[in-house]
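Lettering follows sequence order; numbering is per chain, from 1.
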Amino acid sequence: MTVTGERAHIECEDLVRIFTAKGVEVQALQGLNLRVDRSDLVAIVGASGSGKSTLLNILSGLDTPSAGSARVAGHDLLSMRRRERARYQRHVVGFVWQQTARNLLPYLTAAENVALPMVIARRSGRSERVDHLLDVLGVSHTKDRRPAELSGGEQQRISIAVALANEPEVILADEPTGELDEQTSGNVFEAIRHVNVELGVTVVVVTHDPLVSEHVRRTVQIRDGRTSTEVVRRSEVDEHGAEQHHVEEFAVLDRVGRLQLPDDFVRALDLRERVRLRLEQDHVGIWPDGSRRNGDDG
Amino acid sequence: MKMQLTKRHGAARILIRQAVASRGAGLVVILTALLVAGMFALWPRVEERLFTENARDAMAQSSAMMRDLVMVAAGGPPVGEQAIEAVFDSERPALTVDDVWGASQESVLEAQQDMPGLLRRVTGGPRMVAALDPVTTPSEQPHPEFVEMNTHLLADPDYAESVSFVEGTAPGFPETTAQAEPDEHGSVTKLDVTVEIALSAGVAQRYAWQIGEARTVYTPQAEVHLELTGVFEAVDPDDGYWLHVSSALEPLVALTDPGLVADAHGFISPEAIGTVWWILGGGSTQVTRVWFPIDASTLHANEVPALIAELRAFNAAAHPMLLEANHVSVPASRFATGSIDILENVRAERDSAVALTAMVVVGPAAVGLAVLALASKLVVGRRRRMIATMSARGASAGQLRAVLAVEGVLLGLVPTVAATVAAARLVDEPVGRGWWLVPIAVGLVPIAMFVGAVRPAGTTARRFAAAARLRGWVRRTTDVLVVGCAAVAVILLRRRGLDSGTDVDPLLVATPLLVMVAACIVVLRVYPLALRVLARSLEPSAGTVTFVGSVRSGRERVAAVPVLALVAGLAIAVFTSVLLTTIERGAESAAWADVGADVRASSARGFADDAVESALGFAGVDDAVAVTDAGTTDLFHGTTTTKVRVLAADTSALASVQADVPGAPPLPADLSELRDGVVPAVAGGVGAVGIVGEVVAGRHDERVPVTVVQRASGLPGLSQGEPWLLVDVSAWENTGISLERPRIVLMRTSGEVDQAALAATLNTNGPLVSPPEHVERFQNSGLAGDIRVAFMVSVAFAGLLAAASITLTLILGAPARGRLLSVLRTLGITGRQAQGLVAWEMGPVALLALLFGVGLGAAVPGLVLSGVDLRPFTGGREQPGVEFDYGLVAAAVGAFIVLVAVVVGVAATISGRLRLGEVLRVGEDGA
Ligand SMILES: Nc1ncnc2c1ncn2[C@@H]1O[C@H](COP(=O)(O)OP(=O)(O)OP(=O)(O)O)[C@@H](O)[C@H]1O
Ligand SMILES: [Mg+2]
């Protein structure tokens, strides 16, 4: 959370998404806050069912939130109408799913798959752009092959090319490496990072893969439909010229001041039900409830 | 594989790729569309062709006498002074045919010119023949055969067209060979005239009349020598002309008390008509027959009502013919034709056939559309991912719909247009514009299905749920509406009862469809409930297959189309077999009512006295009775007069002959005795038991007292719908009034009877008739036979559709089944058990559909058949009651089930071998 004041590229505030299926309500997102700056690369992690995909679906315009606010590149995702939504999906966002089958149509060649979003957007100069994108992602050789004739990694790289076809400002990727082995997954992630760095595209990537999250400057953790903590990695070159890796963990405070403590903190001090709080000059201290647990000090 | 025709990364290229990728599914849609549209296009055209053929056949088979437009006027062409003077002055320039006939012929042609177009098209060139009173022409020696030979002299201006002389020459103008002096009043009293005539070879031979031989006729003013100058044969003996001049080719022979009397026609020279009329004693009647031959060989079924109207209008108007009787102009008079009755009959037959086939076809038609929708689902399944992917990439609903609409046009509209055009080529019949549009419109089904698969982009879950709720509400409402409408239609139909208008009654056609759809809804609603109850009652120990199968069938949505197809198909199979039985038995009882006995012989000239005896002497004839039809006469009773047909027979013999004839009334034993001088009679349609009245009968219109001793509804083979009286011959003859010769002999037979020999023995005219042949002849003529074929075709078609719908449903259900099976396989299910699960998928619902379909098919005939006039198909006078032949019903149902099972089995085998599910790639998205 480095930027304040100026508008972030992706901005979610108190985002709520409630699914009602057969009378049962599932709160997939319950007041999620997220800000991502332009050209940033953010990884989203979280347990299964914590609402990661729900968030990405909302950001990609496939789903609409139940409440809260969500803005991407100036588009208000809640009030967006059909026409704007189509324009948004054509030109503002591109996305990559975990299942390659959802990204590519099986009966089209790699090149045709990449051309498809441009056909939809009625963009000219398709052939050149297809060649360029396949080249950038290093899969030019697969051009005339169909998805079934490609490896998983190639498929996902082509999927990234598809997502980039109409020069979007934002790439959303939901576990793009989920089905791949470590090596390939590294390659695909490299491609994503390459796109981020070279083309300056904002990237939000959902992942379970610690390898990935560790290579990302900013990792946001979602718990029970809320952003709970953030890890920011910085590498600085110190006065000796050696590279210093700094890993800082932040908790996210919402607008009304609620805070979610990281799991391991809670476990370490066996925090339960009630905690003692004290406002110090430049920080807030938290202790276990002493009246219940005698003998322990803060 | 690269197609350079299209732009490398263009939309068209992508569409083609997509179409090629799902060609299997596309092909199924194309074939189904071809089949269904073909059926929609062929049906009305084939029907129209059959109706047209039926109309033409009916007209062609009727006798020309009945068919043609005929006017009979008492008079002949104008007899001018010239005609009479010609008798006295052989020096005068000869009269020409045109002089005599020209004006009359002109007036006939004018009448034809004024005909409306259709009538003018079917009428041929007019003919007119003038006939003089018959003259008795005895031969010199007594004739071996005839006690009397009468010759009717005919004059036909165009007779040269119809005859060809085989001997001698055409007759010329009469010649006066001797002439008495005029008396004091200036009028000639006695002439000696030779009138040349031509006879047919047949008549000349039977009359033993040689060329050059003259037979003399004495008239008040002349001694007329009829000299045979020419013997001819008919150019075409089958020409209707020879029916209009009936006894010109062969003499007509009648048996009278003194012996055989012959009547024949001979031609005189046409221009001599006025002259000969005068010679034969002018003032005698002269009759001219004018007719337009009607040739219906170009008539189309759809022109029948118009032709009837035109004929009616033409006949209603009086047409001046410029004829003269006794030098006085004959007033304009009217034409008449039996064609109106024939065509009315054709129309009634057509109306009934249209109503019946509509009832039978409306089911398969609806099923055809449903199957096409089902086939379209195959393609929709393959487009789901494309739709999802493209709309996620920002394709608007409009774009997607356009893409799918193009595909719908290619897979749906193009085949239906092709099928319609091909059908119209194959059976080129004029049909209404609707029958072009309807089959083509079948192609809208795939388009609608494809386009309907696109939901507006970004449909939220909330809106989606609302839409689902709305759909549920719509479905429940339509369910209630359809069932309600069906109930109302049934009630209306029952209330209204028989009402046979001329047009097809929409209520009549819609009711079976409504009831059928309502039955399907009930099946679809009841079925899951029933299975849920079954599943609940089953112990888990009942076996995996039973348990999983019943639970699954109860929970998953039932495939509506196979249910509809099965219910419709079975209902139609049962309905048509009931209908056929009804028609067949109706025709049978109509035949018995017509024929009246095992064998019936008739003779127009009357049977000889020993006819019954010689019949009884014939092998196989057990009983025989001769019946005299004394014709229709007046029955006076009190102050009322009724027309009755009087039938006379040996009543005890009649009772014995008709002992086993359906519908024959039991006859009292004592009809042969007079009761106080009064003839006892059995009466139908008139009088009451005990009444005494008098009927007019005999040569001098004597009054015969009769009393009704019993009433009956009809006498098979004898009564014909109008009131009748049956009396015993001996009782009747005891009153002293003689009867004509019997013209009917009814026989009871056992075993084989040589009918041809029997006919020869009895000297009948025409072959003998017996009910089975009567039925057969009737069933093979007209629409009755076509109807049977049409029914079989529609049952077969319904079977195919049912099989197709089941196969498609199984294919569409393959992915879900596959998932289930793969789960169960890990639990150790065997292949046999897996098959059992497939059986559970369709089995119970098929069973329920069977029950409902058969029930429906059995219930509908009673409901709707009273509204369709079946008499055109039975030939009876009464609407037949609904008849069931349980064997036939069972056979039809069995055949239907076997057909469906075989087709589904073959399809399953083929699909197993080809891995059809994969070829069609159903649900490859797992959607
Ligand atoms: N369409 C839906 N209808 C009902 N509930 C849903 C729907 N989609 C998601 N959910 C529920 O919302 C919650 C969040 O789901 P989501 O898919 O966002 O989780 P996730 O973080 O992506 O999990 P995973 O890592 O397993 O993919 C889950 O409890 C899920 O059951
Ligand atoms: Mg997920």
Side-chain angles (χ1 to χ4, degrees), chain A residues 17-22 57 60-66 77 80-95 97 99 101-109 111-131 144 146 162-163 165-166 168, chain B residues 1-3 6-26 382-403 454-466 468-469 472 555 918 921 923-927:
Chain A
R17 178 66 172 100
I18 301 168
F19 292 108
T20 10
K22 295 193 177 144
N57 279 342
S60 62
L62 292 173
D63 193 9
T64 35
S66 313
L77 300 187
M80 202 156 54
R81 300 236 147 248
R82 205 174 282 172
R83 201 173 268 274
E84 190 188 348
R85 183 187 303 277
R87 215 173 328 122
Y88 174 74
Q89 288 173 330
R90 283 181 201 174
H91 303 290
V92 180
V93 291
F95 47 80
W97 308 114
Q99 301 93 339
R102 282 182 79 178
N103 293 315
L104 305 175
L105 290 178
Y107 43 81
L108 299 184
T109 63
E112 284 162 348
N113 263 301
V114 177
L116 186 62
M118 294 188 268
V119 171
I120 292 170
R122 302 197 184 88
R123 195 188 159 111
S124 55
R126 293 195 276 263
S127 292
E128 297 76 54
R129 182 143 179 86
V130 167
D131 291 342
D144 292 323
R146 298 196 199 182
V162 171
N166 285 323
Chain B
M1 276 284 297
K2 270 187 206 163
M3 278 172 259
T6 55
K7 231 157 82 194
R8 223 167 118 53
H9 297 301
R13 175 73 166 272
I14 287 167
L15 289 184
I16 290 169
R17 282 256 195 241
Q18 169 178 300
V20 170
S22 57
R23 57 191 174 279
R382 292 227 50 198
R383 294 291 169 267
R384 282 260 152 75
R385 183 201 293 177
M386 182 276 286
I387 294 167
T389 307
M390 291 202 15
S391 77
R393 306 262 183 231
S396 66
Q399 276 177 315
L400 289 169
R401 287 194 185 123
V403 167
V454 179
R455 302 227 170 72
T459 303
T460 62
R462 218 170 308 133
R463 253 189 267 156
F464 193 77
R469 264 198 305 282
R555 294 238 173 102
E918 270 167 49
R921 278 195 243 167
E924 61 171 3
D925 330 340

Legend entry - Nearest-0.5 Å distance that lies between atom CZ in R385(B) and atom OH in Y107(A): 8.0 Å

Legend entry - Where at least one partner belongs to residues 114-125 of chain A, residue pairs that pass salt bridge (charged side-chain N to carboxylate O under 4.0 Å, His left out), sequence neighbours excluded: R123(A)-E167(A)

Inset, instruction - Sequence neighbours left out, what passes side chain to side chain donor-acceptor pair (under 3.5 Å) with S60(A)? Give chain and number order. - result: none

Inset, instruction - Kindly indicate whether the side chain of Q399(B), heavy atoms from C-beta on, has any atom under 4.5 Å from the side chain of I120(A). - result: yes

Legend entry - CZ on R13(B) to CG on L116(A), rounded to 0.5 Å: 13.5 Å

Legend entry - Which portion of I18(A) sits near chain B, non-hydrogen atoms under 4.5 angstrom: neither

Legend entry - Toward chain B, the part of N103(A) with a non-hydrogen atom under 4.5 Å: both

Legend entry - Which atom of R393(B) lies closest to which atom of F95(A), heavy atoms considered: NH1-O, 3.2 Å

Legend entry - Under 3.5 Å: donor-acceptor pair, side chain of R17(B), backbone of L108(A): no

Legend entry - Flag side-chain contact, heavy atom, 4.5 Å: S396(B) against R90(A): yes

